[in-house]
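Counting starts at 1 for both ligands and their atoms, in listed order. Note that the structure is predicted; figures quoted are calculated from it, not measured. Positions are given from 1 along the sequence.
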Amino acid sequence: MTESNGKHSLKIVRAACPHDCPDTCAMLVTVEDGRAVKVAGDPEHPFTRGFLCTKVANYHERTHSAGRVKTCLRRTGRKGEGKFEEITWDEALDEIASRFKALAESSEGAQTIMPYSYCGTMGLVQSQSMDRRFFHRLGASQLDRTICATAGTEGYKSTYGLTIGTDPERFRDARLILLWGTNTLTANVHLWPQILEARSGGAHVVAIDPRRTRTADQCDEHIAPLPGTDAALALGMMHVIFAEGLEDADYLERYTIGANELRERARSFPPERVASICGLEAETIVRLARLYAGTRPAVIRINYGLQRHGGGGMAVRTVSCLPAVTGAWRDAAGGVLLSTSGTFPINYQALERPDLMPTPAPRTLNMSQLGDALLKVDDPPVRALYVYNSNPAAVAPDQARVLEGLRREDLFTVVHEQFMTDTTDYADIVLPATTQLEHFDLHKAYGHLYLLINEPALEPLHEAKSNSDVFRLLAARFGFEEDCFRDADEDMARQALSTEHPAFKGITLERLRERGWLRLNVPEEFAPFAEGNFPTPSGKCELYSQKLEALGMEPVPDYIPPHESAESAPALASRFPLALISPAAHAFLNSSFANLSKQLRQESYPFIEIHPEDAERRGIQDGMRVRAFNERGSAELRAVVTTRARRGVVVSPSVWWNKLSPNGTNINQLTSQSLTDMGGGATFYDALVEVERIDASA
Ligand SMILES: Nc1nc2c(c(=O)[nH]1)N[C@H]1C(S)=C(S)[C@@H](COP(=O)(O)OP(=O)(O)OC[C@H]3O[C@@H](n4cnc5c(=O)[nH]c(N)nc54)[C@H](O)[C@@H]3O)O[C@H]1N2
Ligand SMILES: Nc1nc2c(c(=O)[nH]1)N[C@H]1C(S)=C(S)[C@@H](COP(=O)(O)OP(=O)(O)OC[C@H]3O[C@@H](n4cnc5c(=O)[nH]c(N)nc54)[C@H](O)[C@@H]3O)O[C@H]1N2
Ligand code: SF4
Ligand SMILES: [Mo]
């Protein structure tokens, strides 16, 4: 829509929220005289339903913020100091190209160059297209993007083949909803209207979370297991279900393999044993099992909270087996939802062009071990780092190692950013990036079944350039001749959609542009596994996984304790007795928005919740300054003494910027580079710590 009367112009542009959030909202951006003045949720989009969350509701202010990186910058101070001089795009690109060329032509080769990116934007074009093509063609190290979801993804896929699950729009028809390791009102708020509708139809809603979150407050029931013990809880439920004959024997027989092995495994998890592992009452487990097996439709929403632990892959695999045991998949409103991602048949080969890589393929570095990649890897060492769509100085685990690596004088670091983050402070060259209102993109979702388009509402502000533009320019400076380096953003969006897969039938870029969004071509009453049809090697739900067995892993669902717990590391636990989790803060999105005044006011200050008994033992009173620490590092926080944290667990919502935190460091000083059992994932919520009053140690 456009109006113009010569002096005054007004238009509304169709956009998509770029953030790493399952809701991927359809947005309408109002642009008045070249300035974005409002962003709103599209009232016609069935999942967005006309509202945006508290983070993004003033996204236009983020775009027009005075704090934007406006020009290219070259470092003049020490690394970490944040002192720069302005340079032109030509100077910046020439310098990057000459440093990268020198490395690529050296005896150590282009593997010395490490790309580092995550989901600052989830758009397919701006997060995984021209960038991948460039680094593939260059022969740079590959990056394993494990910082968030790979453990759960691999755990789920080991059972079901692809991340396909219950349609979130069917939740409204469910009679039992288990919110398992998800803070829905904070991290998936557009599921809430579905839950409210289900409730008005009589649904019972249970939160399973070690913290009493704002979501748990709104549920009928809250069960608080110790962190990292969810697989035991699920096996305890299965124990009761099998022992009492509540399983769906027909579903198990027809559509699964390994039911007998699973039944055997569950036998060794009686409620009393599970109660002691999880820190729960045995009767809670029995009651939850009966409720779950006895209610239809029953649906489980898993998000990523329960898989940021040593056994996180197995935890998601095990919890996800529940609807196969009870046959909950038979109902469209039953089953389990981790992610809808696998329902989108995106043509990633065409987008990312892995065929451009040299043979043998360059090595792969794990982003969850950035500290080690910068300090320990020496075959060859990392000599250049190119960061975009991410803020690793704040968000990566084992921060002291990460910062030590970023301080290396011989490391050439480029950071492409919208804001002067903790990471840009360590850059040799900073490049100004566009925001979502200034570039084109195509989005899939991981929490619903719609594709969305993001039309640019504005010309790039200041001297900002989009990720795809910068990599096109770099490819030209390298003289890469393949046609794909000249593809426009729209070309790449078309390539992403180019497949014969029925889910994309009728979906074209043109139709997306007309409407803003389109539902995948799947039935209204999408019930993917009502009659089996699992996209696994066997075509069955793999309760027994030969794939895991071949990898030397336990083929049957099991409980794998956290790396750091009283059970698995008693000596460590005697020195650092508290289990730290640092889940998503309500007003931030990871570290995004954690520099903007509205959101900072909402979060007030970096705090740590501690149970009154744990606080008393340490002489800690509500509001006191405390230090949380372990062998990796320490962070200063304000104590919030509350029963929201269960005994033995402390909670510090994240991710604050270091430079906006007391003492200049955040909670990732305490998290570790240890990986999950599957997918090489980060273990943010698997860290033992101690907490003390600051005056006590002075
Ligand atoms: N407001 C807001 N929204 C966000 C984000 C944000 O930072 N802020 N981040 C976005 C991103 S990148 C992601 S990946 C998603 C994350 O979305 P979620 O996965 O929902 O968020 P988390 O905060 O990681 O974890 C969810 C809940 O799991 C709980 N939890 C921790 N350990 C365990 C455990 O062992 N077992 C169980 N049962 N529960 C556990 C935490 O207390 C937390 O309440 O949210 C996205 N949305
Ligand atoms: N302690 C603790 N640590 C955590 C977590 C936790 O729960 N606890 N959560 C973890 C999780 S789930 C995740 S996903 C990671 C996320 O970590 P990141 O992916 O690093 O996410 P953000 O902190 O949001 O940083 C994204 C950055 O990308 C920039 N950006 C946005 N759009 C663009 C663009 O188009 N181009 C460029 N060049 N830059 C852009 C933003 O300005 C922002 O600074 O953090 C992890 N870290
Ligand atoms: S962060 Fe999530 S809930 Fe908020 S606007 Fe974006 S997609 Fe919607
Ligand atoms: Mo994430």
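- Annotation: K598, atom NZ; neighbour count of heavy atoms from other residues, nucleotides and ligands within 6.0 Å is above 12.
- Considering both main-chain and side-chain atoms, Q126 never comes within under 3.5 Å of ligand 2 through any nitrogen or oxygen pair.
- A side-chain donor from one of N58 and E61 sits under 3.5 Å from a side-chain acceptor of the other.
- Both tests pass for R515 against the ring of W517: distance under 6.0 Å to the centre and angle within 45° of the axis.
- Every atom of ligand 2 with a heavy atom of N590 under 4.0 Å away is listed here by number and element: 9 (N), 11 (C), 13 (C), 14 (S), 16 (C), 21 (O), 22 (P), 23 (O), 24 (O).
- Contact annotation for H19 and ligand 2: no heavy atom of the residue comes within less than 4.0 Å of the ligand.
- Residue T671 has no N or O atom closer than 3.5 Å to an N or O atom of ligand 2.
- Not a single heavy atom of Y304 sits under 4.0 Å from any atom of ligand 2.
- Shown in contact with R308 at under 4.0 Å from a heavy atom are these atoms of ligand 2, numbered in order with element: 12 (S).
- Of all atoms in ligand 2, listed by their number and element, those nearer than 4.0 Å to a heavy atom of I667 are 1 (N).
- Taken from OH in Y304 to OH in Y446, the straight-line distance is 6.5 Å, to the nearest 0.5 Å.
- Taking the six-membered ring wherever Trp is involved, the centroid distance between the rings of F471 and Y386 falls below 6.0 Å.
- One option in N467, V470, N595 has a heavy atom closer to atom 36 (N) of ligand 2 than any other, and that option is N467.
- The pair D425-K79 fails the salt-bridge criterion, with no side-chain N (NZ, NE, NH1 or NH2) lying under 4.0 Å from an Asp/Glu carboxylate O.
- One option in M122, H190, H19, H448 has a heavy atom closer to atom 3 (S) of ligand 3 than any other, and that option is H190.
- Among protein heavy atoms, atom 32 (N) of ligand 2 sits closest to Q418 NE2, 3.0 Å.
- Ligand 2 lies nowhere less than 4.0 angstrom from a heavy atom belonging to E438.
- Ion pairing between E463 and R68 fails under the 4.0 Å rule for side-chain N and carboxylate O.
- Considering backbone and side-chain N/O of D20, none are found under 3.5 Å from N/O of ligand 2.
- Ion pairing of R519 with E169 is present here, as a side-chain N (NZ or NE/NH1/NH2) and a carboxylate O approach within less than 4.0 Å.
- Two rings, from H443 and Y450, have their centers 6.0 Å or more apart.
- At the top of the distance list for atom 8 (Fe) of ligand 3, counting protein heavy atoms only, stands C25 SG, 2.3 Å.
- Within the 2.8 Å limit, C17 places at least one N, O or S atom next to atom 6 (Fe) of ligand 3.
- Scanning the protein for heavy atoms near atom 23 (O) of ligand 2, the closest one is S591 OG, 2.5 Å.
- The nearest non-hydrogen atom to atom 40 (C) of ligand 2, considering only N389, I147, T421, comes from N389.
- Aromatic ring centres of H19 and F593 lie closer together than 6.0 Å.
- Within ligand 2, counting atoms from 1 as listed, the ones closer than 4.0 Å to a heavy atom of A433 are 36 (N), 37 (C), 38 (N).
- Although no hydrogens or angles enter the test, the distance criterion places a donor-acceptor pair under 3.5 Å between the side chain of T340 and the main chain of H448.
- Geometrically, ligand 2 and V395 share a nitrogen or oxygen pair separated by less than 3.5 Å.
- When only interatomic distances are considered, the shortest N/O to N/O separation between L589 and ligand 2 falls below 3.5 Å.
- Closest approach of V655 to A594, counting heavy atoms only: O-CB, 3.7 Å.
- Geometrically, ligand 2 and Y388 share no nitrogen or oxygen pair separated by less than 3.5 Å.
- T434 and H439 share a side-chain donor-acceptor pair at under 3.5 Å.
- Atom numbering of ligand 2 starts at 1 in the shown order; those under 4.0 Å from a heavy atom of R62 are 41 (C), 42 (O).
- Only side-chain heavy atoms of V56 come within less than 4.0 Å of ligand 3; its backbone N, CA, C and O stay farther off.
- Near L589, with a cut-off below 4.0 Å to any heavy atom, the atoms of ligand 3 are 1 (S).
- Shown in contact with C21 at under 4.0 Å from a heavy atom are these atoms of ligand 3, numbered in order with element: 1 (S), 2 (Fe), 3 (S), 7 (S).
- Every atom of ligand 2 with a heavy atom of C119 under 4.0 Å away is listed here by number and element: 19 (O).
- Coordination check, C53 versus atom 4 (Fe) of ligand 3: passed, since an N/O/S atom of the residue sits under 2.8 Å.
- Between the choices N391, D441, N666, the shortest heavy-atom distance to atom 25 (O) of ligand 2 belongs to N391.
- Remark: distances from the non-hydrogen atoms of E417 to ligand 2 include one below 4.0 Å.
- Of all the atoms in ligand 2, the ones that sit under 4.0 Å from a non-hydrogen atom of N668 are 1 (N), 2 (C), 3 (N).
- Between D42 and R14 there is a salt bridge, since a side-chain N of the basic residue sits under 4.0 Å from a carboxylate O of the acidic one.
- Taking CG of L670 as the reference point, atom CG of L580 lies at 6.0 Å (rounded to 0.5 Å).
- Here R133 does not pair with E352 in a salt bridge; the nearest charged N to carboxylate O distance is not below 4.0 Å.
- Among protein heavy atoms, the minimum distance from atom 8 (N) of ligand 2 is reached at S582 O, 2.9 Å.
- Residue contact annotation: Q436 has no non-hydrogen atom under 4.0 Å from ligand 2.
- Checked against a 3.5 angstrom limit, the closest N/O atoms of Y118 and ligand 2 fall outside it.
- For the pair Q669 (side chain) and A635 (backbone), a donor-acceptor distance under 3.5 Å is absent.
- Distances below 4.0 Å separate heavy atoms of K55 from the following atoms of ligand 3: 1 (S).
- Figure legend: R638 and Y605 shown as a cation-pi pair, the cationic atom lying under 6.0 angstrom from the six-membered ring centre and within 45 degrees of its axis.
- Under the 6.0 Å cut-off for aromatic ring centres, Y388 and Y116 do not qualify, their centroids lying 6.0 Å or more apart.
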